Colleague: 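I'd like to ask some things about the structure below.
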Amino acid sequence: MPELPEVETTTCGIRPHIAGQRIRKVIIRHKQLRWPIPSDLAQQLERRTVLGVTRRGKYILLLFKHGTAILHLGMSGHLRVVSAETPARKHDHVDILFANDCLLRFNDPRRFGALLWTGLDYQQHTLLKNLGVEPLTTAFSGRYLFAAARSRKVPIKSLVMDARVVVGVGNIYANEALFAAAIHPLLPACALTLIQAQQLVAAIKKILRGAIKAGGTTLSDFLQADGKPGYFRHLLVVYGRAGQPCVNCNNFVQVIRLAQRSTFFCQHCQVNL
DNA sequence: AATCGCGCCTGACGGC
DNA sequence: TGCCGTCAGGCGCGAT
């Protein structure tokens with residue numbers, strides 16, 4: 001999916017168009033996403049006003065007086081704001097039409113995304129209540145990561161991709177951050193030193209901020225709310241570069257499989273195993 | 001409690 | 001040209 005920078009880019013991109021706007025109509029063309037879209041969703045949303053648009057981890061939240069719509073982009077989803085008369089294309093599963101003639105359109109070819117509703121405090125929702133800290137807050141510190149890692153034997157890459165520890169770090173940015181911090185992805189989490197934890201946290205923050213600034217990373221499907229791709233792809237230094245020279249030392253970038261995910265690193269620069 | 005691997009989907013690509 | 005296997009930004013779930 002879209003990792004945190006793509007979700008943040010989308011959240012900020014749609015907010016000015018829909019916050020404070022009243023929903024006129026909800027069209028659901030394909031309700032079978034990762035979970036079925038609740039049958040009463042259109043009824044919950046129509047004639048209601050969006051009070052705010054926010055994000056928790058990779059979940060986009062549309063806030064209403066009487067509840068919250070919870071949207072996840074999955075692996076291949078994107079949200080766009082288009083004009084009301086724009087014809088629907090393939091994989092345009094949901095349209096939310098606003099009184100100001102803005103159309104919020106959810107497209108997701110692989111349908112790993114989700115659109116759910118909760119009438120309660122969204123923070124208590126099953127999908128959100130066990131999420132870890134936000135990576136761009138002061139709560140995500142070297143000491144925090146060090147403490148979370150001490151009791152864990154999983155590779156450090158798996159730990160930083162564990163949403164119960166820190167949200168939003170997906171495969172691309174985990175690879176990039178570990179390279180930037182010169183830490184081998186297979187290093188057991190419990191072997192991480194405090195200094196390394198501090199370096200890794202700093203690298204994650206720097207990379208996520210840089211990716212948000214660039215509008216995210218587009219490999220194939222992701223688009224910003226205005227339809228433009230993200231440009232961070234050009235700034236990736238290890239992800240997808242197997243066999244190419246390391247930007248640091250010119251040795252070849254390696255690729256291995258770790259937890260079914262492609263894992264890129266430089267054997268020379270990330271030696272601390 | 002922690003860890004592992006599966007599967008939900010479509011589509012792009014490479015080898016034969 | 002087409003068929004087949006593999007891979008792709010995520011993540012909850014059941015088995016161990």
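It should be emphasised that the depicted structure is a prediction, and the values quoted were computed from it without experimental measurement. Numbered from 1 within each chain, the chains take letters A, B, ... in sequence-line order.
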Colleague: Between C1' on C:dC13 and CG on A:Leu127, what's the gap in Å once rounded to a whole number?
Modeller: 12 Å
Colleague: Using whole Å, what does the distance between atom C1' of nucleotide B:dC4 and atom CG of A:Leu159 come to?
Modeller: 15 Å
Colleague: Counting only Watson-Crick pairs (N1-N3 plus N6-O4 or O6-N4) and G-U wobbles (N1-O2, O6-N3), all under 3.5 Å, who is the partner of B:dC9?
Modeller: none
Colleague: Measure CZ/A:Phe106 against C1'/B:dT10 and give the value in whole Å, please.
Modeller: 14 Å
Colleague: Between A:His91 and B:dT10, is there a side-chain N or O to OP1/OP2 distance below 4.0 Å?
Modeller: no
Colleague: On the side chain of A:Arg110, is there an atom forming a donor-acceptor pair with the base of B:dC8 - under 3.5 Å, no angle test?
Modeller: no
Colleague: Mind checking A:Tyr59 for me? I need base, sugar-phosphate or nothing, with any heavy atom below 4.0 Å counting as a touch.
Modeller: sugar-phosphate
Colleague: Ignoring backbone atoms, establish whether A:Lys90 has a side-chain N or O less than 4.0 Å from OP1 or OP2 of B:dT10.
Modeller: no
Colleague: Taking atom CZ of A:Arg105 and atom NE2 of A:His91, what is their separation to the nearest 0.5 Å?
Modeller: 14.0 Å
Colleague: Where the side chain of A:Glu3 is concerned, which of B:dT3, C:dG9, B:dC8 is the nearest nucleotide?
Modeller: C:dG9
Colleague: Over how many whole Å does the gap from A:Phe222 atom CZ to C:dA8 atom C1' extend?
Modeller: 16 Å
Colleague: Kindly indicate, with the supporting measurements, whether the criterion side-chain hydrogen bond (donor to acceptor under 3.5 Å, both in side chains) is fulfilled by A:His72 and A:Arg34.
Modeller: CA-CA 9 Å; A:His72 196 290; A:Arg34 174 158 196 189; over 6 Å; no
Colleague: When rounded to the nearest 0.5 angstrom, what distance separates CG in A:Leu131 from NE2 in A:His125?
Modeller: 11.0 Å
Colleague: Touch check for A:Ser151, heavy atoms < 4.0 angstrom, all strands: base, sugar-phosphate only, or nothing?
Modeller: nothing
Colleague: Take the protein atom CG of A:Asp162 and the nucleotide atom P of C:dG12, then report the distance between them rounded to whole Å.
Modeller: 10 Å
Colleague: Which part of the nucleic acid does A:Ser158 contact within heavy-atom distance under 4.0 Å: base, sugar-phosphate only, or nothing?
Modeller: nothing
Colleague: Side chain of A:Glu6 only, please: which of C:dC11, C:dG9, B:dT3 is the nearest?
Modeller: C:dG9
Colleague: Identify which nucleotide among C:dG10, C:dG12, C:dC7 has an atom closest to any side-chain atom of A:Arg257, counting heavy atoms from C-beta outward.
Modeller: C:dC7
Colleague: With the side chain of A:Arg111 defined as its heavy atoms from C-beta on, choose the nearest nucleotide among B:dC9, C:dA8, C:dG9.
Modeller: B:dC9
Colleague: So does A:Asp95 pair up with A:Arg29, basic N to acidic O under 4.0 Å?
Modeller: yes
Colleague: Is the aromatic ring centre of A:Phe112 closer than 5.5 Å to the centre of the six-membered base ring of C:dC11, with the two planes inclined by less than 30°?
Modeller: no
Colleague: Are A:Thr263 and A:Arg257 close enough that a side-chain donor and a side-chain acceptor fall under 3.5 Å?
Modeller: no
Colleague: Rounded to the nearest Å, what distance is computed from the NE2 atom of residue A:His125 to the C1' atom of nucleotide C:dC11?
Modeller: 14 Å
Colleague: At under 4.0 Å, does any side-chain N or O of A:Arg261 touch on OP1 or OP2 of C:dG10?
Modeller: yes
Colleague: Please tell me whether A:His78 and A:Phe222 form a close aromatic pair, meaning their ring centres lie under 6.0 Å apart.
Modeller: no
Colleague: Distance between the P atoms of C:dC3 and B:dC9, in whole angstroms?
Modeller: 23 Å
Colleague: Determine the interatomic distance between C1' on B:dT3 and the same-named atom on C:dG9; round to the nearest Å.
Modeller: 23 Å
Colleague: Checking all strands, does A:Asp108 fall into the base, sugar-phosphate, or nothing category for heavy-atom contacts under 4.0 angstrom?
Modeller: nothing
Colleague: Any side-chain N or O of A:Tyr239 less than 4.0 Å from the OP1 or OP2 oxygen of C:dG9?
Modeller: yes
Colleague: Would you mind pulling out the nucleotide paired to C:dT16, Watson-Crick or G-U wobble, both distances under 3.5 Å?
Modeller: B:dA2
Colleague: Rounding to a whole Å, what distance do you find between A:Arg233:CZ and C:dG9:C1'?
Modeller: 12 Å
Colleague: Between B:dA2, B:dC8, C:dG9, which nucleotide has the shortest distance from any of its atoms to the side chain of A:Arg152?
Modeller: B:dA2
Colleague: Going by the salt bridge (Lys or Arg N to Asp or Glu O under 4.0 Å) test, name the single residue among A:Arg55, A:Lys58, A:Lys205 that passes it with A:Glu134.
Modeller: A:Arg55
Colleague: Check whether any side-chain N or O of A:Lys58 sits under 4.0 Å from OP1 or OP2 of C:dC11, and answer yes or no.
Modeller: yes
Colleague: Hey, does the side-chain of A:Ser76 have a donor or acceptor N/O within less than 3.5 Å of a partner on the base of B:dG11?
Modeller: no
Colleague: Mind calculating the distance between CG (A:Leu116) and P (C:dG12) to the nearest angstrom?
Modeller: 11 Å
